[in-house]
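Below you'll find the structure, written out as structure tokens, and then a few comments.
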Amino acid sequence: MTSSTPALNVAMIGYAFMGAAHSQAWRTAPRFFDLPLTPVQQVLCGRSPDALVQAAEKLGWAHTETDWHAVLTRDDVDLVDICTPGDTHAEIAIAALEAGKHVLCEKPLANTVAQAEAMVAAAEKAAAGGVRAMVGFTYRRVPAVQLARQLITEGRLGQIRQVRAQYLQDWIADPEAPLSWRLDKERAGSGALGDLGAHIVDLVQFITGEAITGVVGLLETFVKERPVATEFAGLSGRAGTERGPVTVDDAAIFLARLSGGAIGTFEATRFAWGRKNAIRIEINGSKGSLAFDFEDMNVLQFFDAEEGARTAGYRRILVTEPEHPFVAAWWPAGHGLGYEHAFTHQVVDLVNAIAGGTQPVPSFADGLSVQRVLAAVEQSSRAGSQWHDITKN
Ligand code: SOE
């Protein structure tokens with residue numbers, strides 16, 4: 001693609017589900033948005049040479065590397081996009097920032113608070129030299145979520161009193177669903193809590209503008225052993241018969257207090273049969289309520305309590321007008337956006353921040369604040385669901 005704006009050469013580490021989503025975002029962003037820099041899909045990095053070459057061709061990457069260290073020595077790489085499991089985030093992100101590369105890192109930021117703190121320190125140091133770091137809490141950039149944030153900022157909900165947040169999936173509700181890295185504490189950090197709970201913690205903190213200050217948590221693992229997936233069976237040759245332990249939570253629920261005085265209930269599970277990717281957020285304020293469900297992602301429900309009782313009711317706002325965040329770049333009103341568009345919006349905001357010399361959000365510090373909540377929920381659950389005050393850590 002020829003472009004009139006300077007190139008931003010990108011290297012991406014990992015190319016599974018998130019890698020595919022990020023690839024399409026890097027490719028699409030400059031085709032729909034006017035960007036001050038043009039992303040170039042320069043290098044794809046992964047460990048299996050044959051699969052890597054095939055993925056690079058399919059996803060549109062010009063070159064490949066099988067060792068991420070080699071990526072960081074390349075002069076033709078300006079930004080490193082980390083789409084690997086959580087246990088590798090800290091090491092790669094810190095090394096990339098030290099090598100002067102901007103970083104986009106998938107969520108959750110890390111597997112532990114200590115790793116996340118080290119990443120924040122590296123990001124702050126790098127920022128002094130104009131090198132930027134951002135964590136990929138993509139759902140912030142769904143237009144309906146942005147509109148929710150705008151309405152709250154404008155005071156349309158008044159004082160926030162109560163928050164209800166759920167992230168419901170069902171992909172391991174079947175006890176015979178195979179083990180994957182997402183069920184391995186070493187690699188994923190935690191289960192539904194970090195994978196799904198991290199999103200709703202970030203969304204609630206973003207939409208309300210308030211921080212979670214304390215929690216009471218309860219984690220449960222319903223299925224303690226699962227069949228080992230073929231690709232994880234190693235050399236045993238017993239794929240399909242071998243079983244391995246699940247070392248993470250299957251479901252996580254917690255109560256929370258927010259810095260502005262609101263209280264919240266949170267639920268993250270992979271055991272909600274029939275719910276595929278249901279992120280449901282409901283916020284009640286002194287002047288009204290908002291409700292969002294990702295399974296109907298182009299809609300935001302708004303109840304204005306200041307309207308007379310005769311006509312008041314939840315208003316279904318179809319968030320597809322050019323006046324709505326990001327929408328003007330896409331299709332005419334009513335045509336709707338999907339899951340992948342939020343990834344494109346993430347690239348747009350990141351590229352604008354890099355070119356404008358500003359801190360992209362969510363920052364690594366935002367990622368750390370989520371990590372602290374996740375750790376507090378785990379500690380609370382371990383301690384028999386005792387109250388855990390995050391501000392005292
Ligand atoms: C799997 O549960 C998963 O891919 C998460 O890891 C993502 O963050 C979420 O967006 C969709 O579901």
Side-chain angles (χ1 to χ4, degrees), residues 12-25 81-89 104-111 116 134-145 165-174 177-207 219 221-223 226 229 232 246-253 266-281 292-297 337-347 362 366-367 370-371 373-374:
M12 192 174 76
I13 326 272
Y15 51 86
F17 175 20
M18 275 311 108
H22 284 223
S23 296
Q24 93 78 38
D81 181 1
I82 304 171
C83 292
T84 51
D87 60 335
T88 59
H89 288 183
L104 171 59
C105 182
E106 254 308 320
K107 51 54 62 176
L109 184 61
N111 281 2
M134 180 189 195
V135 59
F137 284 114
T138 324
Y139 294 114
R140 281 189 181 205
R141 290 183 165 88
V142 170
V145 168
Q166 299 177 320
Y167 197 153
L168 315 175
Q169 294 184 346
D170 71 356
W171 57 276
I172 53 167
D174 177 353
L179 273 179
S180 76
W181 69 265
R182 290 183 196 276
L183 306 185
D184 177 1
K185 190 165 178 57
E186 285 292 302
R187 302 197 66 198
S190 64
L193 177 66
D195 188 30
L196 307 181
H199 279 302
I200 48 177
V201 168
D202 181 68
L203 280 174
V204 165
Q205 295 196 135
F206 168 66
I207 295 172
L219 305 186
T221 305
F222 306 115
V223 177
R226 288 180 178 273
F232 295 97
V246 173
T247 48
V248 298
D249 55 284
D250 286 333
I253 55 181
F266 291 73
E267 182 184 359
T269 180
R270 295 155 164 172
F271 274 69
W273 274 126
R275 302 291 175 216
K276 302 299 170 182
N277 205 43
I279 305 172
R280 296 159 165 205
I281 310 246
F292 170 75
D293 182 349
F294 186 79
E295 288 185 343
D296 193 10
M297 64 172 284
L337 302 189
Y339 175 65
E340 73 277 19
H341 291 86
F343 289 89
T344 302
H345 303 159
Q346 177 169 275
V347 161
D366 294 322
V370 172
Q371 210 70 43
V373 175
L374 304 180

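Counting starts at 1 for both ligands and their atoms, in listed order. Positions are given from 1, in the same order as the sequence printed here. Note that the structure is predicted; figures quoted are calculated from it, not measured.
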Give a yes or no answer on whether the side chain of Q371 reaches the backbone of A110 with a donor-acceptor pair at less than 3.5 Å.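 Looks like yes, one N/O pair under 3.5 Å.
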Report yes if the side chains of I172 and L183 come closer than 4.5 Å at any heavy-atom pair, otherwise no.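 When only atoms from C-beta onward are counted, L183 and I172 do touch, with a gap below 4.5 Å.
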With a cut-off of 4.0 Å, which atoms of ligand 1 are near a heavy atom of [X]?
X: F17; answer: 4 (O)
X: L196; answer: 2 (O)
X: Y139; answer: 9 (C), 10 (O), 11 (C)

Say whether Q169, considering both its backbone and side-chain N or O atoms, lies within less than 3.5 Å of an N or O atom on ligand 1.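 Yes: some nitrogen or oxygen of Q169 is under 3.5 Å from one in ligand 1.
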Under a heavy-atom criterion of less than 4.0 Å, does [X] contact ligand 1?
X: R270; value: no
X: F137; value: no
X: H199; value: yes

Taking only Lys NZ, Arg NE, NH1 and NH2, and the carboxylate oxygens of Asp or Glu, determine whether R280 and D293 approach each other closer than 4.0 Å.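 D293 and R280: salt-bridged.
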At a non-hydrogen distance cut-off of under 4.0 Å, which region of Y339 contacts ligand 1 (side chain, backbone, both, or neither)?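 The answer is the side chain.
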Please work out, at 4.0 Å between heavy atoms, whether the side chain, the backbone, both, or neither of T138 comes within that distance of ligand 1.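 No part of T138 comes within reach of ligand 1.
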For the residue pair H199 and Y167, does the interplanar ring angle fall in the parallel (under 30°), tilted (30 to 60°) or perpendicular (over 60°) class?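 It falls in the tilted class, 30° to 60°.
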Any idea how F343 and Y339 line up, ring-wise: parallel (<30°), tilted (30 to 60°), or perpendicular (>60°)?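 Ring orientation of F343 relative to Y339: perpendicular.
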Measure from atom 1 (C) of ligand 1 to every heavy atom in I279, N277, I172, D195 and give the option owning the shortest one.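 Among I279, N277, I172, D195, the closest heavy atom to atom 1 (C) of ligand 1 belongs to D195.
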What is the nearest protein non-hydrogen atom to atom 9 (C) of ligand 1, stated with its residue, atom name and distance?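 Sorting protein heavy atoms by distance from atom 9 (C) of ligand 1 puts Y167 OH, 3.2 Å first.
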Between Q24 and E340: side-chain donor-acceptor atoms closer than 3.5 Å: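 Result is no, nothing qualifies.
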With a 3.5 Å cut-off and no angle check, do the side chains of N277 and E295 form a donor-acceptor pair?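 No - no donor-acceptor pair under 3.5 Å links their side chains.
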D366, D202, D195 screened by salt bridge (charged side-chain N to carboxylate O under 4.0 Å, His left out) with K107, the one that passes: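 Only one of D366, D202, D195 forms a salt bridge (charged side-chain N to carboxylate O under 4.0 Å, His left out) with K107, namely D195.
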